[in-house]
2 protein chains.
Amino acid sequence: MTSVEITERRKRATVKDVAQEAGVSRGTVSRVLNGQPYVSEAARSAIEAAIARVGFVPNRAARSLVMQSSQAIGLIVHEPHSLFVEDPNIASILLGANEALSEADYQLSCLIADSPRDVDRLARYLSGGLIDGVIVVSARAGDRITAAVAELGLPAAFVGHPRDIGDAAYVAIDNRGAARTITRRLLDTGRSRVGMIAAALDRDSGADRLAGFVDAMGARFDPQLVQSVPFYSFSDGRAGMRELLERAPDLDGVFASSDAVAAGALEALREAGRSVPGDVGIVGFDDSSWALRCDPPLSTVHQPADQLGRAAAASVLAQLRGDTAGSPIVLECPVVWRESA
Amino acid sequence: MTSVEITERRKRATVKDVAQEAGVSRGTVSRVLNGQPYVSEAARSAIEAAIARVGFVPNRAARSLVMQSSQAIGLIVHEPHSLFVEDPNIASILLGANEALSEADYQLSCLIADSPRDVDRLARYLSGGLIDGVIVVSARAGDRITAAVAELGLPAAFVGHPRDIGDAAYVAIDNRGAARTITRRLLDTGRSRVGMIAAALDRDSGADRLAGFVDAMGARFDPQLVQSVPFYSFSDGRAGMRELLERAPDLDGVFASSDAVAAGALEALREAGRSVPGDVGIVGFDDSSWALRCDPPLSTVHQPADQLGRAAAASVLAQLRGDTAGSPIVLECPVVWRESA
DNA sequence: CTGAAAGCGCTAACAG
DNA sequence: CTGTTAGCGCTTTCAG
């Protein structure tokens, strides 16, 4: 026995090899591979043995080529760099989608669009036949990815609801309704000067949460009490709270448009020496891992991120089976009342 | 113009269509597609025009089949469910790898192994020719994925260094050295009863961080002051700290083996009414987004997660070019001294 | 410089 | 029930 390491990849066995080894034709091998009926027990077991013996694994490129399908679904994350790192929702959506696809024996491939260059490459990749459908997370209206997906006519499901996806499938939560509910609750617990840190107004979720806030405030709504910030991030939350405090030192309640934003706001409040929930009550949105980590734990809206992922996956799968896109799916998101308000 | 929506995917144009449209042969089209020389200017421009006109996009499945390569690299995340959601390092690694691959015009496909079923499907997927190489994140010794990758002989690079990857490429940080350094620092600032919350001892990183701690403690090492917990998580950090406090109420310093663990420990310390850094000093590891969020901000070891991703990607790319796996890459990770100790 | 033809590995009719 | 025969869309000799 020599000590030479066999590092190079040896040529992989093909159906032909299996056929030879089992003494049948390639057609028959293909049949057992695809679990088709009309194969004799003898042939089947001979082939199965042969497959094990030669270590055969089907070549998916070849199979995709002839089947015009790949049993793989892409999940596109189009998120500003830093946010992907901070946002626990994305990972949950990913995990949920993966579970649902896994059950259907589909492979999930998570694709990142982090630069214009990425977007171009992705568009080519998607149309290359290696992906049967896509789930698009955190798209904004006007995204090039959205356009590319639409043009390709690839089965798709969006998580969230950018305005420009036409009649494409989407799964979402009722951001506006939930925002309204939690804001009312803040009002009902005796807060009178309630402000909002409104993040990501360029996204449907951000805009809708603001709309819900406005709904709930009704006549009491004061534009001075709304601070808009670009992202659902801790640092934007802190910055937004500082602004708000400056403009309205008398506020006693805050609706932060995400838990991360609320966590940042909490920090700013602490710096400013305000107690929570004593001086000011604060509520978030998402019920992500941030919520429990905060001190005090956040009252917030529970967002079933993994279910969003599951539902989006189910939608793509349904489209693949030939169903039409179907009606939008809107998931429940109950308020979770903790100690921050 | 009718109002019928063209929803169905129309048959995509092929090289043949382009060739016809441009009045040349498929071979010539292929040549311009691949930027090969020996094509007349006339033919080239005719073909380019034709490509645009018919909206041709090459079919990657077909190309992969004949080229035996797909220009796509997989990144396998094999992490306990919840951790993937909580660990900001993974996203950073992902982003770093994506950047490096993007520059080389490779597509990154992030693959999740979240169940035994996933692992099986993944193994098949990897050997299907749709992926040219893999980056494996957060593997533990004995992982089936590791075995599958090895058996396939797929170019691979590990982030971290499980003991059983043989001479496969890996990029890592000097966990042991860094742990030693930061523990010493804790000692040097006057702490004498220093404990450790040691997470993930089944991982090289976890075991090495403990080893570094033991190194630094030298004669002062007391096994009673080490609490082992399963994961690098907030909740395990909190639980571990409670244990430690019970066993050794007199401790005045803690090395938490990750920032998330430190954050959890901080929480337990707060519950127990200990001030930080007054009563007890605490240090973490990772310099992730947790570190700055904590109150007080954590002294910790900076882990260049995005660089790990970049380096792993570079290694896979090099192997694809035919280089040997090369020597392991070990990245610097300086201590960042903040306020928690 | 370009066309014709072979074939990557697999599945899907279609006769037996 | 099984073998044979076409391709899927692309690249790549090999002659011209």
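Quick caveat: nothing in here was measured; it's all calculated off a predicted structure. Here is the naming used below: chain letters follow the sequence lines, and residue numbers restart at 1 for every chain.
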TODO: For Y38(B) and dA15(D), give me the distance from atom OH to atom C1', rounded to whole Å.
DONE: 16 Å

TODO: Grab the CD1-P distance between I51(A) and dG9(C) for me, whole Å please.
DONE: 16 Å

Open item on the list: Side chains of V159(A) and I135(A), heavy atoms from C-beta outward: is any pair under 4.5 Å?
Closed with: yes

Open item on the list: Using a 4.0 Å heavy-atom cut-off, does A43(A) contact any base of the nucleic acid, only the sugar-phosphate backbone, or nothing at all?
Closed with: sugar-phosphate

TODO: Rounded to the nearest angstrom, tell me the gap between atom CD in Q68(A) and atom P in dG9(C).
DONE: 19 Å

Task: dT2(D) phosphate, OP1 or OP2, under 4.0 Å from S40(A) side-chain N/O - done: yes

TODO: Provide, to the nearest angstrom, the distance between the CZ atom belonging to R12(A) and the P atom belonging to dC10(C).
DONE: 11 Å

Open item on the list: So does I51(A) get a backbone contact from the side chain of E21(A), meaning a donor-acceptor N/O pair under 3.5 Å?
Closed with: no

Open item on the list: Whether the side chain of D118(A) engages the backbone of D114(A) through a donor-acceptor N/O pair (distance < 3.5 Å, no angle test) should be reported.
Closed with: yes

Open item on the list: With a 4.5 Å cut-off on side-chain heavy atoms, are V171(B) and F158(B) touching?
Closed with: no

TODO: Give the rounded distance in Å between these two atoms: CZ of R44(B) and C1' of dT2(C).
DONE: 13 Å

Write down the protein N/O and nucleotide N/O pairs, taken from nucleotides 10-14 of chain D, whose separation is under 3.5 Å; answer none if there are no such pairs.
residue : atom : partner : partner atom : Å
dC10(D) : OP1  : N59(B)  : N            : 3.1
dC10(D) : OP2  : V15(B)  : N            : 2.5
dC10(D) : N4   : R26(B)  : NH2          : 3.1
dT11(D) : OP1  : N34(B)  : OD1          : 3.4
dT11(D) : OP1  : N34(B)  : ND2          : 3.3
dT11(D) : OP1  : R63(B)  : NE           : 3.1
dT11(D) : OP1  : R63(B)  : NH2          : 3.2
dT11(D) : OP2  : S30(B)  : OG           : 3.1
dT11(D) : O5'  : S30(B)  : OG           : 3.4
dT12(D) : OP2  : Q36(B)  : NE2          : 3.4

Task: S109(A) side chain reached by L111(B) side chain, heavy atoms, under 4.5 Å - done: yes

Open item on the list: Can you confirm whether D120(B) sits close enough to L122(B) that some side-chain heavy atom of one is under 4.5 Å from a side-chain heavy atom of the other?
Closed with: no

